Amino acid sequence: MTLIDSRPGIRACYRALAERTGTYVDADLAVTRLGPPLVEELAHWFPAERVEETADLYRAMYPTYAVAATSALPGAREAVAAVRDAGGRAVVVTAKYEPNAKLHLAHLGIEPDAVIGDLWAEQKAVALREHGAAVYVGDHVGDVRGARAAGALSVAVATGPCDPAELRAAGADVVLAGLAEFPRWFSDYCADHRSGDSAARA
C-alpha cells in the first residue's frame, strides 16, 4: 500500500484460495492487515502444518487473481520519477514474494532500479544498506523499523493499515498523507542535502 493498491487483487486471491482449499478465509479482514509476511496471515486460517504448502499455493494462484486487479496509488509513478530526476536510484524493498512484486510493477509500468522481495521489518535493513538507501518510504510500522535499522530516514505514507499516529509513534521521521506529497517533500529534502549524494528507496 505504498506504490500500489493490491487490496482488490489480494481479496480475490484469498477468496479463490478458500474455495480451492475448502478452508474459510475472511478476505475482507485479511486485506486490512497487509504488510507482514503472507505466512503470518495464513496462520490465522490454516493449521500450522499446512501454512507453508498453502503459502506456495497462494503464490502460484496470485498472478491469475491479483495482478490485473491491482492499481497504482496516486503519485506512485511521480515519486519514482522524482527520485530519478534528483539523480537517485529507486529501489523497491518489500515483504511480498519477489516474482509477484515484479509482476505488479511491470503490469503498471512502474520501473524501479531494483526490486527485492521477501523481506519484512528489520530484515529490510539488509537490502537498504546494500543499496545505500538514505530514505526509505513505507506504509507500515514494520517499514519504519526497517528504515531505522538501516540508518535511513523513515518516510511513512498513511495509505496502508497504519494511521499517522501509529507511524509517528513507531518513530517515522516524516509522515505524508500519500505519495502524491512525496515529490515536493523530496525536492525540499534534496535542497537541504546538496552537499552529499541523496538517494531514496520506496
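For the single chain, residues carry numbers from 1 onward in sequence order. Here the structure is a predicted model, which means the values were calculated and not measured.
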Novice: Say whether, by atom type as modelled, one donor and one acceptor occur between the side chain of Thr159 and the main chain of Met1 under 3.5 angstrom.
Specialist: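 A pair under 3.5 Å: yes.
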Novice: Enter the distance from Leu38:CG to Glu52:CD here, rounded to the nearest 0.5 Å.
Specialist: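 Spacing of CG (Leu38) from CD (Glu52) equals 9.0 Å.
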Novice: Give a yes or no on whether Leu179 and Ile4 share a hydrophobic cluster (residues Ile, Leu, Val, Met, Phe, Trp, Tyr; joining criterion: side-chain heavy atoms under 4.5 Å apart).
Specialist: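 Result: yes, single cluster for both.
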Novice: Would you say Arg148's side chain and Gly171's backbone share a donor-acceptor pair under 3.5 angstrom?
Specialist: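 Yes.
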Novice: What about the rings of Tyr14 and Tyr58, do their centers lie closer together than 6.0 Å?
Specialist: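 Yes, close enough.
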Novice: Kindly say whether Ala127 contributes a backbone atom to a donor-acceptor pair with the side chain of His131 at under 3.5 angstrom?
Specialist: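 No: the side chain of His131 does not pair with the backbone of Ala127.
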Novice: To the nearest 0.5 Å, how far apart are NZ in Lys124 and OG1 in Thr94?
Specialist: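 It is 5.5 Å, given to the nearest 0.5 Å.
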Novice: Ignoring hydrogens and angles, tell me if any N or O in the side chain of Glu40 forms a donor-acceptor pair with the backbone of Pro37 under 3.5 Å.
Specialist: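 No; judged by distance alone, with no hydrogens or angles, the pair does not exist.
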Novice: Assess whether side chain to side chain contact (heavy atoms under 4.5 Å, CB included) is satisfied between Arg11 and Asp28, documenting all intermediate values.
Specialist: CA-CA 6 Å; Arg11 184 183 290 111; Asp28 291 323; 2.8 Å; yes
Novice: Mind checking the OH-CG spacing from Tyr189 to Asp192? Nearest 0.5 Å is all I need.
Specialist: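 Here the interatomic distance stands at 9.5 Å.
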Novice: Working to the nearest 0.5 Å, report the span between OG1 of Thr2 and CG of Asp139.
Specialist: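 It is 3.5 Å, given to the nearest 0.5 Å.
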Novice: Starting at CG of Leu153, measure out to OH of Tyr136 and round the result to the nearest 0.5 Å.
Specialist: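 Those atoms lie 13.5 Å apart.
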Novice: Do Val25 and Phe46 come close enough that some side-chain heavy atom pair is under 4.5 Å?
Specialist: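 In short, these two side chains touch, coming nearer than 4.5 Å.
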Novice: Linking I/L/V/M/F/W/Y whenever any side-chain heavy atoms sit under 4.5 Å apart, do Leu42 and Ile10 land together?
Specialist: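 Yes, Leu42 and Ile10 fall within the same hydrophobic cluster.
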Novice: Give every donor-acceptor pair under 3.5 Å between a side-chain atom in residues 102-110 and any protein atom, sequence neighbours left out.
Specialist:
unit_1: Lys102; atom_1: NZ; unit_2: Glu98; atom_2: OE2; d: 3.2
unit_1: His104; atom_1: NE2; unit_2: Tyr62; atom_2: OH; d: 2.6

Novice: Whether the side chain of Thr21 engages the backbone of Leu17 through a donor-acceptor N/O pair (distance < 3.5 Å, no angle test) should be reported.
Specialist: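 Yes, Thr21 side chain to Leu17 backbone: donor-acceptor pair under 3.5 Å.
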Novice: Could you go through the side chain to side chain contact (heavy atoms under 4.5 Å, CB included) check for Arg20 and Leu57 one step at a time?
Specialist: CA-CA 9 Å; Arg20 177 82 66 88; Leu57 175 60; 3.5 Å; yes
Novice: I'd like to check His44 versus Arg33 (side-chain heavy atoms, cut-off strictly below 4.5 Å). Are they in contact?
Specialist: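 Yes, their side chains come closer than 4.5 Å.
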Novice: Applying salt bridge (Lys or Arg N to Asp or Glu O under 4.0 Å), which residue pairs with at least one partner in residues 165-178 are found, sequence neighbours left out?
Specialist: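 Residue pairs with at least one partner in residues 165-178: there are none.
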Novice: Are Val115 and Leu3 connected in the hydrophobic side-chain network, where two residues link if heavy atoms are under 4.5 Å apart?
Specialist: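 Yes; tracing contacts between hydrophobic side chains, which count when under 4.5 Å, links both residues.
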Novice: Return the orientation label for the Phe182 and Trp185 ring planes: parallel under 30°, perpendicular over 60°, tilted otherwise.
Specialist: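 Aromatic pair Phe182/Trp185 classed tilted.
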Novice: When you group the ILVMFWY residues by side-chain heavy-atom contacts below 4.5 Å and let the links chain together, are Tyr65 and Leu34 in the same group?
Specialist: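 Yes, same cluster.
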Novice: With sequence neighbours left out, what residues match Lys96 under salt bridge (Lys or Arg N to Asp or Glu O under 4.0 Å)?
Specialist: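 Result, salt bridge (Lys or Arg N to Asp or Glu O under 4.0 Å) vs Lys96: none returned.
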Novice: Roughly how far, to the nearest 0.5 Å, is the CD atom of Glu41 from the OG1 atom of Thr32?
Specialist: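 Answer rounded to 0.5 Å: 7.5 Å.
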Novice: For Pro112 and Ala90, work out which heavy atoms get closest and say how close.
Specialist: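 Reported closest heavy-atom pair: CB-O, 3.3 Å.
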